[in-house]
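Computation of the quantities below employed the complete heavy-atom set of this structure, encompassing side-chain atoms and omitting hydrogens, waters and symmetry-equivalent molecules.
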Amino acid sequence: MGDVLAGIHATWEFDTDSVLIRFERGIRTPKLFQSLRERRIPYAALSSVTLTPGKRGTVVLRAVPRAGADPLVEAASGQLKEGCDPYRLVLPAEREVLAEYYADELRALLDPASDEPADRFLVAAPEAPMNFKAYDGRAGFDGERVSFRWSWTGASSAKWKAGDQTFKVSELAGIVWRSPEALDGYLRLLPRAAAPVDHRTGGSLGDLHGPGGSGSADGASADGVPVAAPVTRAADQDPAAVLFGLGYGPVHESLPFAAAVLESVRRTQPAPAASAPALVNAGRRDPADIAERIHHLGELHQAGLVTDAEYTAKKAQLLAEL
């Protein structure tokens, strides 16, 4: 397309295969945008494009990312406020016709598989090294290792007893980022031998940002890659987590950090194991066993640990074994 569309706080530059979003650095620009500076979004990373009325005489052009395409969006897990959404371009209402033109142009460039989740990250994560100050310590990431250095004024005795921590990304199963704008925000690393926890006690299995974007209670993700097993430690007692607080771990520092770690973790994950070929003369499964597994699958689905699509596909697979 080769065109430029300037909006409030950002400018979109359209190329043949991607859109380059450049964020302003003005005093009114959200700090997350200033931290990101610019992002190149391949059209293949988009699922749809919308144009809606905005506030105070504006319209909003939004490119909707595909699930699994952007590590920043995956790490945020729906917790970003509308004004901090990097995929929104706010324009004066008098430019609505021009915005509609670009929306149509973008829609024509979408990938045929745009409505399906991406099988890998298509948008680059923020680059390491980076660090931020949390309430109970300082977090650092050099591209290969994440380090937590505890603060004597904020860290719990459990963390002091465990000592400063260093984690290789190759040893992690995923991350959980809970916005510092929540009352109990934190960044939790999920070592392969440890696990996600319920947010009611400090985390959620549904928030496991690991190999396939979702975890399961039996130690394997939907694509067969091993993940962590459940634990119940609260974030303030977990040496693999740092706490946020007023002025500690702000979104514009901790979220790009989490996205960079998540991208590195996903990149180092082993390829899913190939499914074993079905035995020609294999006997049918015990109906009671199948019923029990479907019941367990239903519990995972109700708890939000597997998606609707995963539940439907797995249930059909189990029923086919009868």
- Message: Any non-hydrogen side-chain atom of R39 less than 4.5 Å from a side-chain atom of D70?
- Response: yes
- Note on the structure: Contacts of E96 meeting side-chain contact (heavy atoms from CB on, under 4.5 Å) (sequence neighbours excluded), chain-then-number -> L51, V59
- S156 side-chain N/O to D236 backbone N/O, donor-acceptor pair under 3.5 Å: yes
- Item | Close side-chain approach of D136 and Y248, heavy atoms under 4.5 Å | no
- Query: side-chain contact (heavy atoms from CB on, under 4.5 Å) with L89: which of V60, L5, I8?
  - Reply: L5
- For L243 against A134, the heavy-atom pair lying closest together: O-CB, 3.2 Å
- L110-Y87 co-clustered via ILVMFWY side chain contacts under 4.5 Å: yes
- Heavy-atom closest pair (L20 atom, R22 atom, distance to 0.1 Å) is CD2-NH2, 3.2 Å
- Verdict with supporting geometry, Q237 and K159, side chain to side chain contact (heavy atoms under 4.5 Å, CB included): CA-CA 6 Å; Q237 301 296 311; K159 292 184 177 181; over 6 Å; no
- Non-hydrogen atoms of L262 and I175 that approach each other most closely: CB-CG1, 4.0 Å
- Message: If you apply the rule side chain to side chain contact (heavy atoms under 4.5 Å, CB included), what do you find for R40 with D15, and how did you get there?
- Response: CA-CA 10 Å; R40 183 169 293 280; D15 207 339; 3.9 Å; yes
- Under a single-linkage definition using a 4.5 Å side-chain heavy-atom cutoff for Ile, Leu, Val, Met, Phe, Trp and Tyr, are L109 and W12 assigned to the same hydrophobic cluster? yes
- Item | A113 backbone acceptor or donor facing D111 side chain under 3.5 Å | yes
- Message: Do P239 and Q165 make a side-chain contact, defined as non-hydrogen atoms from C-beta onward lying under 4.5 Å apart?
- Response: yes
- Task: Indicate the atoms forming the closest heavy-atom contact of R28 with H9, along with that distance.
- Result: O-CE1, 3.4 Å
- Message: Less than 4.5 Å apart, side chain to side chain, heavy atoms only: is that true for P191 and F167?
- Response: yes
- Item | Trace of the side chain to side chain contact (heavy atoms under 4.5 Å, CB included) decision for R120 with L122 | CA-CA 6 Å; R120 60 186 175 86; L122 300 173; 3.5 Å; yes
- Sub-6.0 Å ring centroid separation between F14 and Y102: yes
- Message: Measuring centre to centre across the rings, with the benzene-like ring taken for any Trp, is F132 within less than 6.0 Å of F257?
- Response: yes
- Would you check if I21 and I41 make a side-chain contact, meaning some heavy-atom pair closer than 4.5 Å? yes
- Task: Consider only side-chain N and O atoms of R62 and T50, and report whether a donor and an acceptor are under 3.5 Å apart.
- Result: no
- Item | Minimum side-chain heavy-atom gap P180-S254 below 4.5 Å | yes
